[in-house]
K.L.:
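Sharing a structure with you now.
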Amino acid sequence: MSQRPPQINVRMPEDLKQNLHLAANEHNISVNSEIVSRLSASFLKEQPTQSKLPNASEAKEKALASKDSLQLSLLNQITNEIHRRSALGLFSAYISLNEFELCDGEEPVVEAVIKPIISSLVDSGYTLPDDWDAGGFTIAWE
């Protein structure tokens with residue numbers, strides 16, 4: 001029998017709870033997954049407080065664990081930009097990937113994080129160019 005992860009009870013303002021439920025519904029995930037993803041992303045953004053050099057396997061493990069939070073962060077960015085540009089009466093948006101610090105050739109990140117999102121966008125009827133790069137891409141909804 002597999003062991004369940006530990007649980008924690010958290011008190012929060014009602015409006016924060018409602019926002020979590022709305023975000024989870026928008027991302028088609030559970031509220032628990034939404035909370036875990038947001039917390040994980042917040043820790044990834046923090047600078048290390050110690051100067052201990054991680055060994056290669058620790059660095060690889062951290063990189064692999066960050067895939068879900070990177071994917072959610074990119075999906076949130078895309079969703080917000082589509083809403084913002086649509087509200088302005090526009091039919092396209094440029095999605096910058098600069099904050100993800102991708103370099104050409106970062107194939108594992110592109111395969112694991114970006115390509116599934118692009119496939120999902122195309123399946124949802126959005127148009128994307130075939131020649132996007134590590135800097136970003138344009139998405140259209142005409």
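Keep in mind that this is a model prediction, so the values were computed, not measured.
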K.L.:
Rounded to the nearest 0.5 Å, what's the gap from CG on L75 to CD on E26? Could you check?
P.N.:
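Between L75 CG and E26 CD, I get 9.5 Å after rounding to 0.5 Å.
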
K.L.:
Identify, with sequence neighbours excluded, every residue that meets salt bridge (charged side-chain N to carboxylate O under 4.0 Å, His left out) alongside E81.
P.N.:
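Counting only residues at least two positions away or on another chain, E81 forms a salt bridge (charged side-chain N to carboxylate O under 4.0 Å, His left out) with R84.
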
K.L.:
More than 12 foreign heavy atoms under 6.0 Å from CD of E58: is that the case here?
P.N.:
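Yes.
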
K.L.:
Mind checking whether I114 and I78 sit in one hydrophobic cluster, side chains of I, L, V, M, F, W, Y counted as touching below 4.5 Å?
P.N.:
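Yes: a chain of side-chain contacts under 4.5 Å links I114 to I78.
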
K.L.:
When rounded to the nearest 0.5 angstrom, what is the spacing between CG in L16 and CD in Q18?
P.N.:
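One finds 10.0 Å between CG of L16 and CD of Q18.
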
K.L.:
Check S92 against R85 and note the closest heavy-atom contact, atom names and distance.
P.N.:
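Minimum heavy-atom separation between S92 and R85: O-NE, 2.9 Å.
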
K.L.:
Mind checking whether I117 and V122 sit in one hydrophobic cluster, side chains of I, L, V, M, F, W, Y counted as touching below 4.5 Å?
P.N.:
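Yes, one cluster joins them.
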
K.L.:
Can you tell me how far apart CG (N76) and CD (Q71) are? Round to the nearest 0.5 Å.
P.N.:
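With rounding to 0.5 Å, CG (N76) is 11.5 Å from CD (Q71).
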
K.L.:
Would L20 and V36 show up in the same hydrophobic cluster when neighbours are defined by side-chain heavy atoms closer than 4.5 Å?
P.N.:
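Per the 4.5 Å side-chain linkage, L20 and V36 are not co-clustered.
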
K.L.:
Taking a hydrophobic cluster as the set of Ile, Leu, Val, Met, Phe, Trp and Tyr residues connected by side-chain heavy atoms closer than 4.5 Å, whether directly or through intermediates, do M12 and L22 fall within one such cluster?
P.N.:
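As far as the 4.5 Å side-chain criterion goes, L22 and M12 are not connected within one cluster.
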
K.L.:
In the structure I gave you, are the side-chain heavy atoms of Q77 and S96 within less than 4.5 Å of one another anywhere?
P.N.:
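Side-chain contact under 4.5 Å: yes.
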
K.L.:
Under 3.5 Å, which donor-acceptor pairs link side chains of residues 135-142 to any protein atom two or more places apart or in another chain?
P.N.:
from : atom 1 : to  : atom 2 : distance (Å)
W141 : NE1    : L90 : O      : 3.2

K.L.:
Please tell me whether N55 and S57 have a donor and an acceptor in their side chains that are separated by less than 3.5 angstrom.
P.N.:
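Looking only at side-chain atoms, S57 and N55 do form a donor-acceptor pair, the distance falling under 3.5 Å.
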
K.L.:
Are F91 and L88 connected into the same hydrophobic cluster when the rule is that any two of I, L, V, M, F, W, Y join if their side-chain heavy atoms are below 4.5 Å apart?
P.N.:
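Different hydrophobic clusters.
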
K.L.:
With a 4.5 Å cut-off on side-chain heavy atoms, are L74 and L97 touching?
P.N.:
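They are in contact (side-chain heavy atoms under 4.5 Å apart), so the answer is yes.
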
K.L.:
Check A59 against P54 and note the closest heavy-atom contact, atom names and distance.
P.N.:
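In this case the closest contact between A59 and P54 is N-CB, 4.4 Å.
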
K.L.:
Return the CG to CD1 distance between N32 and I8, rounded to the nearest 0.5 Å.
P.N.:
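The distance works out to 11.0 Å.
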
K.L.:
Determine yes or no for a side-chain-to-main-chain donor-acceptor pair under 3.5 angstrom, with S120 supplying the side chain and P116 the backbone.
P.N.:
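Checked: no pair found.
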
